[in-house]
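First comes the structure, then the notes that go with it.
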Amino acid sequence: MAREITREDFLNHPNKNLDISIMDDDTIGWRYITDIFFRIKNAMEAGEKLVMILPQPWPFYKRIAEM
């Protein structure tokens with residue numbers, strides 16, 4: 001069943017509140033790294049606490065720390 005779902009089916013989801021995009025495998029990692037980085041940065045600048053549930057272990061934490 002899952003293999004029958006096309007890209008168009010994903011992009012034309014009936015819930016218009018969902019922001020859906022299809023990315024290449026290489027893009028997903030970079031998008032995830034920058035999302036975490038900017039969530040941390042924005043919370044720090046706003047003086048707010050940030051709680052995140054993240055996978056362990058994950059080798060890309062080093063890249064976030066370098067940013």
Side-chain angles (χ1 to χ4, degrees):
M1 280 198 167
R3 292 181 182 182
E4 296 173 6
I5 300 172
T6 66
R7 288 178 168 241
E8 290 76 25
D9 291 337
F10 278 113
L11 296 174
N12 294 321
H13 194 278
N15 185 345
K16 299 302 176 190
N17 293 324
L18 291 176
D19 183 21
I20 299 173
S21 60
I22 298 174
M23 296 178 267
D24 295 328
D25 291 343
D26 297 336
T27 306
I28 293 170
W30 179 246
R31 175 78 64 95
Y32 195 45
I33 290 169
T34 55
D35 179 63
I36 292 171
F37 171 78
F38 282 108
R39 286 176 189 264
I40 294 168
K41 180 181 180 294
N42 292 338
M44 282 179 26
E45 290 175 350
E48 298 175 350
K49 290 183 179 183
L50 176 65
V51 177
M52 299 179 78
I53 299 172
L54 302 169
Q56 293 292 330
W58 194 53
F60 293 114
Y61 290 130
K62 178 181 177 182
R63 292 187 180 170
I64 296 167
E66 289 172 350
M67 290 174 75

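The first residue of the sequence shown is numbered 1, and numbering continues consecutively from there.
When side chains are defined from C-beta on, Thr34 counts as touching Met67, because their heavy atoms get closer than 4.5 Å. Leu50 has its side chain within reach of Met52: a pair of non-hydrogen atoms, C-beta onward, lies under 4.5 Å apart. Contact check for Tyr61 versus Ile64: side-chain heavy atoms found under the 4.5 Å cut-off. Two residues are said to be in side-chain contact when any heavy atoms from C-beta on lie closer than 4.5 Å; Ile36 and Trp58 meet this criterion.
Of all non-hydrogen atoms in Ile22 and Arg7, the two that sit nearest each other are CG2-NH1, 3.2 Å. Considering every non-hydrogen atom in both Arg63 and Ile33, the closest pair reads CD-CD1, 3.9 Å.
Other residues, nucleotides and ligands place more than 12 heavy atoms under 6.0 Å from the NZ atom of Lys16.
Met23 and Tyr32 fall into different hydrophobic clusters, where Ile, Leu, Val, Met, Phe, Trp and Tyr are joined by side-chain heavy atoms under 4.5 Å apart, directly or via other members.
Checked against the 6.0 Å centroid criterion, the rings of Phe60 and Trp30 do not qualify as a close aromatic pair.
To the nearest 0.5 angstrom, Thr6 atom OG1 is 8.0 Å from Asn12 atom CG. Distance CD1/Ile20 to CG/Leu18: 5.0 Å, rounded to 0.5 Å.
With respect to the salt-bridge test (charged N to carboxylate O, under 4.0 angstrom), the residues Asp35 and Arg39 qualify.
In this structure a side-chain-to-backbone donor-acceptor pair under 3.5 Å is present from Asn42 to Phe38. Although no hydrogens or angles enter the test, the distance criterion places a donor-acceptor pair under 3.5 Å between the side chain of Asn15 and the main chain of Asn17.
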